[in-house]
Amino acid sequence: MEKKKILLDCDPGHDDAVAIMLAAGAPSLELLGVTVESGNQTLEKTVRNTCRVLQWIGREDVPVYAGCDRPMVRDKLTAGDIHGETGLDGPVFPPLRKQPESEHAVSFLIRTLRAYEGDITVVTTGPMTNLAMALRLAPEIAEKIRRIVLMGGSCTNGNVSPAAEFNILADPEAAHVCFTAGRPLTMVGLDVTRRVLCTPEVVARMAALDTCASRLFVDLMGHFCRTQKAIFGWAGGPLHDPVTIAYLIDPAVLTTRPMNAQIDLSRGPSYGRTNCDAYDYLGLPATADVAVDIDAERFWDLVEEGLARYGKEAQA
Ligand code: RIB
Ligand code: CA
């Protein structure tokens with residue numbers, strides 16, 4: 001079976017780190033590169049974290065590209081309260097050997113999309129700044145994108161304001177550019193990611209795998225679940241970003257519905273809200289396939305399969 005070509009754009013971030021591990025190890029996916037922006041932490045930290053994870057799992061061959069260090073229009077928003085000062089608090093990593101490429105992420109996205117024949121899926125698990133800037137710099141690449149799959153948004157309430165989810169609120173204008181690019185788009189929002197909480201039972205299940213990836217998962221979740229519980233009071237942290245990768249491996253893990261979804265750019269309390277017209281009140285064309293349900297059991301099986309694929313020893 002031909003591998004699905006993907007570009008992963010992220011802001012590691014604990015859940016981004018798990019998404020990277022699933023994407024890099026999936027037999028059905030070809031990870032062409034990882035682009036990074038500021039989001040959960042500043043760009044310097046999110047790039048370093050991306051390189052740390054790839055080195056740890058023995059995938060230094062996957063190129064990493066540093067991108068935008070701030071949103072397109074608004075002021076910078078980070079999430080140190082969840083991900084810590086380093087952006088990946090918890091695990092202890094060996095000295096870092098892997099470095100990002102010298103090319104800017106936006107340049108890499110444009111160059112790569114131009115070079116392929118429209119068979120690339122772009123996955124974003126952070127603010128959509130890099131992809132939006134690439135679309136503004138080279139609008140013709142839109143037709144070369146097979147589908148945009150993003151972790152972001154919500155049909156109901158947000159997680160950093162009553163109205164908005166972090167990845168969208170961190171750069172609403174960028175999300176608007178991507179949602180209006182006219183390409184097939186799957187929105188994996190809080191509606192489904194909040195249904196896969198990484199409880200202590202899940203952590204114990206993954207710990208039993210005893211691979212380098214499962215050990216990193218356990219160390220990551222130790223911090224991530226603690227901060228999520230402190231803020232939201234949940235039994236486990238919602239494993240947001242890996243849902244996008246699980247969906248690419250097995251689309252049946254999600255139920256999606258086509259809807260008109262628009263980004264609220266008004267500078268009031270609804271700034272960054274994804275207005276999803278679930279009941280077609282407006283009669284406007286659908287702009288997104290919005291995830292409305294998740295097969296949580298299948299999701300955790302996919303996570304377990306992904307972490308089990310790696311060797312016992314990390315790359316020192
Ligand atoms: O709202 C959750 C999203 O914001 C996740 O991608 C998390 O990593 C943060 O970026
Ligand atoms: Ca993220």
Side-chain angles (χ1 to χ4, degrees), residues 7-23 34-43 45-50 52-53 64 67-71 74 76-84 86-90 105 122-131 148-172 174-175 178 186-198 217 220-221 223-225 227-228 231-232 234 236-247 263 271-274 290-291 294 303:
L7 291 168
L8 176 58
D9 185 71
C10 56
D11 64 334
H14 291 68
D15 51 334
D16 302 79
V18 180
I20 290 170
M21 293 198 284
L22 297 189
V34 181
T35 52
V36 191
E37 65 266 306
S38 71
N40 284 322
Q41 260 298 352
T42 59
L43 178 66
K45 295 176 180 178
T46 55
V47 171
R48 183 170 58 226
N49 294 337
T50 305
R52 278 175 162 163
V53 172
V64 173
C68 298
D69 69 350
R70 69 200 69 188
R74 61 155 294 157
K76 190 182 301 185
L77 181 67
T78 55
D81 57 335
I82 294 284
H83 300 275
T86 70
L88 215 55
D89 280 14
V122 179
V123 187
T124 66
T125 63
M128 304 179 84
T129 317
N130 286 337
L131 181 55
I148 298 169
V149 178
L150 71 125
M151 192 279 138
S154 165
C155 293
T156 55
N157 54 6
N159 62 354
V160 280
S161 78
E165 177 277 329
F166 177 82
N167 286 341
I168 307 298
L169 186 59
D171 198 338
C178 296
T186 302
M187 184 184 111
V188 180
L190 298 176
D191 318 279
V192 295
T193 64
R194 280 174 161 167
R195 307 259 294 279
V196 284
L197 302 182
C198 188
F217 179 90
L220 287 167
M221 292 302 108
H223 175 87
F224 183 65
C225 296
T227 56
Q228 291 272 359
I231 293 173
F232 297 101
W234 289 326
L239 209 57
H240 303 291
D241 296 336
V243 178
T244 61
I245 306 302
Y247 168 74
I263 312 300
Y271 186 40
R273 177 178 168 77
T274 46
V290 177
I294 184 168
V303 172

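The shown structure was predicted, so the numbers you read here are calculated from the model rather than taken from an experiment. Atom set for the values below is all heavy atoms of this structure, side chains included, hydrogens, waters and symmetry mates excluded. Indexing begins at 1, ligand by ligand and atom by atom, following the structure's order.
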Can you sort out which atoms of ligand 1 are near [X], meaning under 4.0 Å from one of its heavy atoms?
X	result
Thr125	6 (O), 10 (O)
Met151	2 (C), 3 (C), 5 (C), 6 (O)
Glu165	1 (O), 2 (C), 3 (C), 4 (O)
Asn159	1 (O), 2 (C)
Asp11	10 (O)
Asn40	7 (C), 8 (O), 9 (C), 10 (O)
His240	2 (C)
Phe166	1 (O), 4 (O), 9 (C), 10 (O)

Report task. Do me a favour and list the nearest non-hydrogen protein atom to atom 10 (O) of ligand 1 with residue, atom name and distance? Result -> Asn167 OD1, 2.9 Å
Query raised in the report: Who's the nearest protein heavy-atom neighbour of atom 7 (C) of ligand 1, and how far?
Result: Asp15 OD2, 3.3 Å
Query raised in the report: Has Thr125 got an N, O or S atom lying less than 3.0 Å from the Ca ion (ligand 2)?
Result: yes
Query raised in the report: Does Asp16 put an N, O or S atom under 3.0 Å from the Ca ion (ligand 2)?
Result: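 Short answer: yes, at least one N, O or S atom is under the cut-off.
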Query raised in the report: Looking at Asp241, which of its N, O or S atoms is the nearest one to the Ca ion (ligand 2)?
Result: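 For Asp241, the N/O/S atom sitting closest to the Ca ion (ligand 2) is OD2.
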Report task. With the Ca ion (ligand 2) as the reference point, give the N/O/S atom of Asp11 that is nearest. Result ->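 This residue's closest N, O or S atom turns out to be OD1.
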Query raised in the report: Are any of the side-chain heavy atoms of Val196 and His240 separated by less than 4.5 Å?
Result: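 Side chain of Val196 against side chain of His240, heavy atoms only: no contact under 4.5 Å found.
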Report task. Look up atom OG in Ser38 and atom NZ in Lys45, then write down how far apart they are to the nearest 0.5 Å. Result -> 12.0 Å
Requested in this report: With side chain to side chain contact (heavy atoms under 4.5 Å, CB included) as the test, would you mind laying out the steps for Asp15 and Thr125 before giving the verdict?
Outcome: CA-CA 9 Å; Asp15 51 334; Thr125 63; over 6 Å; no
Query raised in the report: Where's the contact between Asp241 and ligand 1, heavy-atom distance under 4.0 Å: side chain, backbone, both or neither?
Result: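 Asp241 to ligand 1: side-chain contact only, backbone stays beyond 4.0 Å.
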**Report entry** Val160 and ligand 1 - part of the residue with a heavy-atom distance under 4.0 Å
**Finding:**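 Within the 4.0 Å criterion, Val160 makes no contact with ligand 1.
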Query - Donor-acceptor contact present, side-chain His14 to main-chain Asp89, <3.5 Å - result: yes
Query - Asn40 side chain to His83 backbone, donor-acceptor under 3.5 Å - result: no
Over all heavy atoms of both residues, which pair between [X] and [Y] is shortest? Give the atoms and the distance, please.
X	Y	answer
Asp191	Thr156	OD1-N, 3.6 Å
Leu169	Arg74	O-NH1, 2.9 Å
Ile168	Gly153	CG1-N, 3.4 Å
Gly237	Cys225	N-SG, 3.5 Å
Ala170	Pro71	O-CG, 3.3 Å

